[in-house]
Trainee: 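Okay, here's the structure, questions in a sec.
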Amino acid sequence: MEMLRRSSVFAAEVMEVFDRSPTDKELVSQSKVLCRDYIHSRLHRAGIGWSKPEHGSGGTLAEVSSVLLWLGDELEYLRPNVYRNVARQLNITIASESIVSDAFLAVAAEIFSTGNYFRKYTLEKYPGVTWGKIVSLYAVAGALAVDCVRHGHPAMVHTIVDCMGEFVRKSLVSWLKRRGGWADITKCVVNTDPSFRSHWLVAAACACGHYLKAVVFYLLREK
């Protein structure tokens, strides 16, 4: 009975998070859970044995995770070679935690800064944030994690998840709070209007372009 009571309390707490404005800490924590789910999905798809994370998503966050994965599939389907062999594209040594961390954060910053033509007129760091760019970043995280595990460095998965949380904390929390949290991404698939779907595909294609530019900027940056 005590276990059932605790489960009920936990479920109520989870629902409460989505019934009110989420805190910065909650948004960061959720971003890491979503990243673990995304990476697990990509490792499974690549045929790499990997245990399901102990603290996976549940409730509304599970729905968010499913939508994020679906949009990621759409994005990767558009450009199948863009989100593969990310480590080779970035020309990095995945045996080094600092190199993997620095590369991921540098590419993340470029993805969200690309196209921000009016950045100097606003106080926001990344005024051009879109769900397409966020999905693109998760696709990068998933692909990079596959590279790391395939080359015998599974511990790097935790590094990538932590980097995702760090980038969200520093750069995306304000935007997410204005959108009401991660659940806002579900609106990308709730609307069944074909024109809306076309809009998403165009946005996704642009996200691919942002990622490619980010790779170029990373490779050309001063060492």
Side-chain angles (χ1 to χ4, degrees), residues 14 25-59 61-77 79-112 133-172 182 185 207-208 210-212 214-215 218-219 221 223:
V14 170
K25 185 177 180 180
E26 287 166 345
L27 290 170
V28 172
S29 177
Q30 290 163 4
S31 74
K32 294 173 71 172
V33 172
L34 292 170
C35 191
R36 292 189 195 101
D37 283 355
Y38 198 101
I39 287 174
H40 175 266
S41 172
R42 292 305 177 251
L43 290 172
H44 179 74
R45 189 174 69 181
I48 301 174
W50 192 261
S51 59
K52 183 74 173 177
E54 285 186 25
H55 304 291
S57 56
L61 194 59
E63 181 183 359
V64 171
S65 182
S66 296
V67 171
L68 181 61
L69 286 166
W70 183 83
L71 295 176
D73 287 342
E74 292 276 304
L75 187 59
E76 294 171 39
Y77 176 78
R79 299 293 293 274
N81 294 323
V82 171
Y83 297 99
R84 293 178 186 170
N85 301 313
V86 170
R88 186 172 64 189
Q89 291 185 59
L90 295 174
N91 193 29
I92 62 173
T93 303
I94 56 178
S96 169
E97 181 176 332
S98 62
I99 290 178
V100 170
S101 176
D102 289 347
F104 181 81
L105 291 174
V107 168
E110 288 297 342
I111 287 175
F112 287 90
K133 290 182 180 181
I134 291 176
V135 174
S136 179
L137 182 60
Y138 272 83
V140 172
L144 185 56
V146 169
D147 289 345
C148 291
V149 176
R150 272 181 172 163
H151 289 86
H153 302 286
M156 293 299 172
V157 169
H158 304 294
T159 298
I160 295 169
V161 171
D162 287 342
C163 285
M164 179 67 78
E166 181 68 7
F167 185 78
V168 169
R169 183 183 69 82
K170 289 184 175 180
S171 308
L172 302 182
W182 287 97
I185 196 175
C208 288
H210 291 310
Y211 166 64
L212 290 173
V215 170
Y218 178 79
L219 292 174
R221 79 196 192 291
K223 300 291 185 178

Trainee: Can you tell me if E97 has over 12 outside heavy atoms packed within less than 6.0 Å of its CD?
Mentor: no

Trainee: Return the CG to SG distance between D102 and C163, rounded to the nearest 0.5 Å.
Mentor: 8.0 Å

Trainee: So if I apply the side-chain contact (heavy atoms from CB on, under 4.5 Å) rule between F167 and each of D162, L137, V28, V107, which one comes out positive?
Mentor: L137

Trainee: How close do V149 and P154 get, counting heavy atoms only, and between which atoms?
Mentor: CG2-CA, 4.0 Å

Trainee: Is the shortest heavy-atom distance from the side chain of Y138 to the side chain of S31 under 4.5 Å?
Mentor: yes

Trainee: Return the CG to OG distance between L105 and S171, rounded to the nearest 0.5 Å.
Mentor: 9.0 Å

Trainee: Can you check whether W182 reaches I134 side chain to side chain, under 4.5 Å on heavy atoms?
Mentor: yes

Trainee: With a 4.5 Å heavy-atom cut-off, do Y38 and S65 have their side chains touching?
Mentor: no

Trainee: Can you name the closest pair of heavy atoms from K170 and E166 and give their distance?
Mentor: CE-OE2, 2.7 Å

Trainee: Could you tell me which non-hydrogen atom of I94 sits nearest to which non-hydrogen atom of C148, and how far apart they are?
Mentor: CD1-CA, 3.7 Å

Trainee: Looking only at heavy atoms, which two atoms of V82 and Q89 are closest? And how far apart?
Mentor: O-NE2, 2.9 Å

Trainee: Tell me if a side-chain donor or acceptor on D147 pairs with a main-chain N or O of A87 at a distance below 3.5 Å.
Mentor: yes

Trainee: Please name the pair of heavy atoms, one in M164 and one in A141, separated by the smallest distance, quoted to 0.1 Å.
Mentor: CE-CB, 3.9 Å

Trainee: If you measure from CZ on R150 to CG on L43, what distance do you get to the nearest 0.5 Å?
Mentor: 9.0 Å

Trainee: Find the distance between CD1 (I92) and CD1 (I99) and round it off to the nearest 0.5 Å.
Mentor: 7.5 Å

Trainee: Would you say the side chain of L172 lies within less than 4.5 Å of the side chain of L27, judging by non-hydrogen atoms?
Mentor: no

Trainee: Just verifying a value: how many Å separate D73 CG and S41 OG, rounded to the nearest 0.5 Å?
Mentor: 6.5 Å

Trainee: Would you compute the distance between atom CG of L69 and atom NE2 of H40 and round it to the nearest 0.5 angstrom?
Mentor: 10.5 Å

Trainee: What pair of heavy atoms forms the shortest contact from L34 to L68, and how long is it?
Mentor: CB-CD2, 4.1 Å

Trainee: Measuring only between side-chain heavy atoms, which start at C-beta, is E76 closer than 4.5 Å to R42?
Mentor: yes

